[in-house]
Structures are given as structure tokens and as C-alpha cells.
Amino acid sequence: MVDLIVLPGLGISTLGVEIGMDFSVAESALEGFPGWKAPRIDERRNRGFSHYEPSELSVQLIESERGRVQAIEIYRPEADIRVLYKGIPVFEESAESTIRALSSSENPVVEDEGIRYVFPGLGIAFDRSVVPWEAFDGEGVHFESMIVSESGYFQ
């Protein structure tokens, strides 16, 4: 099990990617992380996107106007990788549990009726495609992605 430690404003050192680093250097660092899967010849990927197997982790770098890493979006891995923020396994815990734990530091800004939770002061946000309801089939129980950003990104 590999732990990716999220450090808002700084990056994810386990991936070798830091907020503010040169975008091309960050892309190369992501290619060096174990399990990186090169795009197929017929596959088109956004610049800064990396996918890993067998974990199914995906990472999207977000570029600033200065050619630097402004934010990092991490998509929920299915196996072998835990994404931790202050010791909280944010994709293993339920979305509600993660929100409760982080709300002790800052009240989140809730967008799209609970699809997105933004913690601007912490420099992080979480997304899911649906909000679970009484007759749900399991979708939306966990967050699907997390954005780690530089200060002021969510302002």
C-alpha cells in the first residue's frame, strides 16, 4: 500500500509534484511514479494527465499562466494507494465522514447541492458525480476526486 500525503499549498511529495514547480518537470515526475501507463497511440490525453495501473489512480495537473503547477487533481484510486490528508484516508472514508473531519478546521463552501465541497482556506476541494439519497445504489458515498491547490485558487 502506497500512501499519497496531501500537503495543500505544497503538493503531493510521494508523486514528486509540488505546487509552483515547472509544469513540464511535474509531468516528467508523474511519469516516473510506479504504475504509470503511457497513452495508447489512438488515445488523446489532456496535458498534465497521468493514469496508473493496477491502482486506477489518475492525476491531472492544472497549469498556471506562468507555466507552473497551480493545482493537482487526484482521482480516486481503486486499489493499492491511499490518499491521506492529516491522516484521513479521504477516498476510503465516506464523503460525509471526510466532510465532518475537515469541518472542524473550516466550514466548507457547498456547491451544486453537495456535489462539490470546497475548503478555500485549506486549499482543497472534493467532488463526486452524485449525492446519495435514500434509494441509492452506492454512488456518491465516496468522493471521486480531490483538488490540492496553491493559496487563493478557490477565492
Side-chain angles (χ1 to χ4, degrees), residues 1-93 95 98-99 102 105-106 108-131 139-155:
M1 178 72 68
V2 175
D3 289 340
L4 299 183
I5 310 298
V6 173
L7 302 168
L10 299 175
I12 304 169
S13 60
T14 320
L15 289 174
V17 178
E18 298 176 6
I19 303 294
M21 78 186 299
D22 180 84
F23 198 83
S24 296
V25 172
E27 285 180 305
S28 294
L30 288 178
E31 290 176 12
F33 188 74
W36 181 77
K37 184 164 178 7
R40 295 183 317 269
I41 293 172
D42 63 340
E43 180 182 7
R44 184 178 180 140
R45 287 188 182 170
N46 290 334
R47 183 163 187 241
F49 182 84
S50 289
H51 183 72
Y52 303 88
E53 290 185 350
S55 67
E56 295 301 320
L57 171 74
S58 292
V59 178
Q60 176 67 59
L61 301 175
I62 299 166
E63 188 173 13
S64 73
E65 293 175 1
R66 302 178 322 271
R68 304 277 178 195
V69 175
Q70 184 175 29
I72 306 161
E73 186 164 14
I74 309 162
Y75 295 89
R76 184 174 188 242
E78 293 180 9
D80 303 326
I81 293 179
R82 287 189 314 174
V83 179
L84 301 172
Y85 174 72
K86 292 189 174 185
I88 302 165
V90 297
F91 293 125
E92 293 176 17
E93 295 285 326
T98 299
I99 293 163
L102 296 179
S105 300
E106 175 183 4
V109 175
V110 180
E111 298 178 355
D112 297 322
E113 299 178 15
I115 298 288
R116 173 176 264 205
Y117 282 79
V118 179
F119 295 84
L122 300 176
I124 57 178
F126 297 92
D127 286 293
R128 55 187 167 182
S129 57
V130 298
V131 176
E139 273 192 281
V141 171
H142 298 93
F143 285 116
E144 295 167 19
S145 71
M146 175 185 193
I147 298 175
V148 182
S149 67
E150 67 183 8
S151 177
Y153 182 79
F154 295 109
Q155 306 297 329

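By the 4.5 Å heavy-atom criterion applied to side chains, L30 and Y52 are counted as neighbours. You'll find the side chain of F154 reaches within 4.5 Å of the side chain of I147, heavy atoms only. In this structure, N46 and Q60 have side chains that are in contact, with non-hydrogen atoms separated by less than 4.5 Å. Y85 places none of its side-chain heavy atoms less than 4.5 Å from the side chain of V148. No side-chain heavy atom of Y75 sits less than 4.5 Å from a side-chain heavy atom of H51. Looking only at side-chain heavy atoms (C-beta outward), W36 and V59 stay at 4.5 Å or farther from each other.
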Sequence neighbours left out, cut at 3.5 Å: what donor-acceptor pairs do the side chains of residues 18-28 make with other protein atoms?
{"unit_1": "D22", "atom_1": "OD2", "unit_2": "S24", "atom_2": "N", "d": "3.1"}
{"unit_1": "D22", "atom_1": "OD2", "unit_2": "V25", "atom_2": "N", "d": "3.1"}
{"unit_1": "S24", "atom_1": "OG", "unit_2": "R47", "atom_2": "NH2", "d": "3.2"}
{"unit_1": "E27", "atom_1": "OE2", "unit_2": "G48", "atom_2": "N", "d": "2.9"}
{"unit_1": "S28", "atom_1": "OG", "unit_2": "S24", "atom_2": "O", "d": "3.3"}

Please list every donor-acceptor pair under 3.5 Å in which a side-chain atom of residues 114-127 meets a protein atom from a residue at least two apart or in another chain.
{"unit_1": "R116", "atom_1": "NE", "unit_2": "D127", "atom_2": "OD1", "d": "2.9"}
{"unit_1": "R116", "atom_1": "NE", "unit_2": "D127", "atom_2": "OD2", "d": "3.3"}
{"unit_1": "R116", "atom_1": "NH2", "unit_2": "D127", "atom_2": "OD2", "d": "3.0"}

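Nearest heavy atoms, I81 versus S55: CD1-OG, 3.5 Å. Closest approach of S105 and K86 over heavy atoms only: OG-NZ, 4.1 Å. Heavy-atom minimum distance, S145 versus E73: OG-OE2, 2.9 Å. Closest approach of A95 to R128, counting heavy atoms only: CB-NH1, 3.2 Å. Shortest non-hydrogen contact noted between P108 and I99 is CG-CG2, 4.4 Å.
Atom NZ of K37 sits about 14.5 Å away from atom CG of L57, to the nearest 0.5 Å. To the nearest 0.5 Å, atoms CG (L61) and OG (S50) are separated by 6.5 Å.
More than 12 heavy atoms of other residues, nucleotides or ligands lie within 6.0 Å of CD in E43, so this atom counts as buried by the packing criterion. By the neighbour-count criterion of 12 heavy atoms within 6.0 Å, atom CD of E65 is sparsely surrounded, having that number or fewer from other residues, nucleotides or ligands.
In summary, of the residues considered (I74, L7, V17), a side chain to side chain contact (heavy atoms under 4.5 Å, CB included) with I12 occurs for I74 alone.
Between the side chain of E144 and the main chain of S129, a donor-acceptor pair closer than 3.5 Å is present.
Using modelled atom types, one finds no donor on one side chain facing an acceptor on the other under 3.5 Å when comparing E93 with H142.
Every residue meeting the side-chain contact (heavy atoms from CB on, under 4.5 Å) condition with T14, not counting sequence neighbours, appears here in chain and number order: V2, L4, I5, F33.
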